[in-house]
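Nothing here was measured: the structure is a model prediction, and the numbers come from that model.
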Amino acid sequence: MRDAYHEELDSIGDSLVEMARLVGSAIGRATTAILDADLKLAEAVIEADQKVDDLQHDLEARAIALLARQQPVATDLRIVVTSLRMSADLERSGDLAQHVAKLARLRFPERAVPYDLHATILEMGQLAQRLMAKAAEVIITKDVDLAMQLEQDDDEMDLLHRTLFQHLIDERWRHGIETAVDVTLLGRYYERYADHAVAVAKRVVYLVTGEHADDIQTDVQPVTGVEGA
């Protein structure tokens, strides 16, 4: 019975990793769709989000069943409760990738992103994907130091987000109000996506240590560009 119980705990972790990988792929593909005005790809991203939702619902059902049957305590209880919270972060990340794809679909056959902002949006999309890949690695390895890096790595996304706003308030902006709204929404989607990746990593810190990440003092330095993620 105990072996089956721990196998179920492990399977919940596996589901979280699969969700992280799916939403990481989704934000990468959604970024391509929005930049290339690729309707087919946008539709594929939108449709694929159902799998993430299904995984979350299945994980929730299994976690609640474990709570009811096994009444876990201490570390095991943290695993179950924290997994539920991480699944919510990952599901929301999938929704945000879907929002990017829906904007691409809404503006098709036009491009939602002006050419002079393509590089910034591309960089935000690539960074979001790397952050989620690192979050998946943290779920697998339970590496607290790696988890603590994500919040510092997220500073790069915040900088890119501010860069978008600098373009919007520049007096040379000539792309109109509708495009300004689109760009504002995109910036928010990517920024919130990165926040959810950070939240997942912070929850792993709590799972491993029993302490909240914000209460732990570390000397961890960010990985430049997050290329290793």
Side-chain angles (χ1 to χ4, degrees), residues 1-24 27 52 55-96 127-159 191-229:
M1 288 293 292
R2 296 301 295 178
D3 287 344
Y5 166 55
H6 286 290
E7 285 176 6
E8 187 65 19
L9 284 178
D10 290 342
S11 75
I12 287 174
D14 292 342
S15 293
L16 289 171
V17 173
E18 185 177 1
M19 288 180 71
R21 288 173 173 165
L22 286 172
V23 301
I27 197 66
V52 176
L55 280 168
Q56 188 202 18
H57 296 157
D58 179 65
L59 186 153
E60 285 181 343
R62 285 184 286 136
I64 291 169
L66 272 181
L67 289 171
R69 291 197 314 265
Q70 302 291 341
Q71 298 181 349
V73 296
T75 300
D76 287 350
L77 180 60
R78 285 208 306 272
I79 290 172
V80 176
V81 173
T82 304
S83 294
L84 285 168
R85 292 174 175 171
M86 284 194 284
S87 73
D89 283 312
L90 293 169
E91 189 276 334
R92 184 57 183 149
S93 298
D95 287 345
L96 290 163
L127 177 58
Q129 195 168 9
R130 293 198 301 271
L131 285 168
M132 190 57 72
K134 181 175 280 190
E137 184 179 353
V138 167
I139 295 171
I140 295 168
T141 64
K142 307 296 189 293
D143 186 328
V144 171
D145 288 338
L146 185 63
M148 298 296 286
Q149 288 176 2
L150 259 81
E151 186 167 18
Q152 298 179 63
D153 294 335
D154 181 48
D155 290 343
E156 187 177 344
M157 184 66 81
D158 294 335
L159 179 60
E191 188 265 340
R192 288 298 299 145
Y193 183 101
D195 286 347
H196 284 295
V198 171
V200 168
K202 284 184 173 182
R203 296 193 197 285
V204 173
V205 173
Y206 175 71
L207 187 157
V208 173
T209 68
E211 298 181 73
H212 293 287
D214 292 340
D215 296 331
I216 299 176
Q217 298 297 320
T218 71
D219 296 321
V220 173
Q221 295 299 315
V223 177
T224 303
V226 208
E227 269 77 32

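- You'll find the side chain of Glu191 reaches within 4.5 Å of the side chain of Asp158, heavy atoms only.
- Between Glu156 and Arg130 there is a side-chain heavy-atom pair separated by less than 4.5 Å.
- Closest heavy-atom contact between Leu146 and Asp143: N-OD1, 3.0 Å.
- Contact of the Asp195 side chain with the Met157 side chain is not registered, since no non-hydrogen atoms from C-beta on lie closer than 4.5 Å.
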**Q.** Trace of the side chain to side chain contact (heavy atoms under 4.5 Å, CB included) decision for Val17 with Asp14
**A.** CA-CA 5 Å; Val17 173; Asp14 292 342; 5.6 Å; no
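- Minimum heavy-atom separation, Gly13 to Ile139: O-CG2, 4.1 Å.
- Under the 4.0 Å criterion applied to side-chain N and carboxylate O atoms, Asp89 and Arg85 are not assigned as salt-bridge partners.
- The two residues Asp154 and Ala194 come nearest to each other via the heavy atoms OD1-CB, 3.2 Å.
- Atom CD of residue Glu137 and atom CZ of residue Arg21 lie 10.0 Å apart, to the nearest 0.5 angstrom.
- Atoms CG and CG, on Leu67 and Asp76 in that order, are 10.5 Å from each other to the nearest 0.5 Å.
- Contact check for Leu90 versus Val52: no side-chain heavy atoms found under the 4.5 Å cut-off.
- Between Ser93 and His196, the shortest heavy-atom contact is OG-CB, 3.2 Å.
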Q: Show your reasoning for whether side chain to side chain contact (heavy atoms under 4.5 Å, CB included) applies to Ile64 and Val80.
A: CA-CA 8 Å; Ile64 291 169; Val80 176; over 6 Å; no
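- The CG atom of Asp153 lies 4.0 Å from the NZ atom of Lys134; values are rounded to the nearest 0.5 Å.
- In this structure a side-chain-to-backbone donor-acceptor pair under 3.5 Å is present from Tyr193 to Val23.
- Taking the side chain as every heavy atom from C-beta outward, Leu207 and Arg203 never approach each other to under 4.5 Å.
- Every residue meeting the salt bridge (Lys or Arg N to Asp or Glu O under 4.0 Å) condition with Asp95, not counting sequence neighbours, appears here in chain and number order: Arg92.
- Side chains of Met148 and Val205 form a contact here, defined as non-hydrogen atoms less than 4.5 Å apart.
- Expressed to the nearest 0.5 Å, how far CD of Glu60 lies from CD of Glu91 amounts to 8.5 Å.
- The environment of Glu151 atom CD is sparse: at most 12 non-hydrogen atoms of other residues, nucleotides or ligands sit within 6.0 angstrom.
- Using a 4.5 Å heavy-atom threshold, the side chains of Ile12 and Arg62 count as touching.
- Smallest separation of non-hydrogen atoms from Ala20 and Met132: O-CG, 3.3 Å.
- No side-chain heavy atom of Val200 sits less than 4.5 Å from a side-chain heavy atom of Val138.
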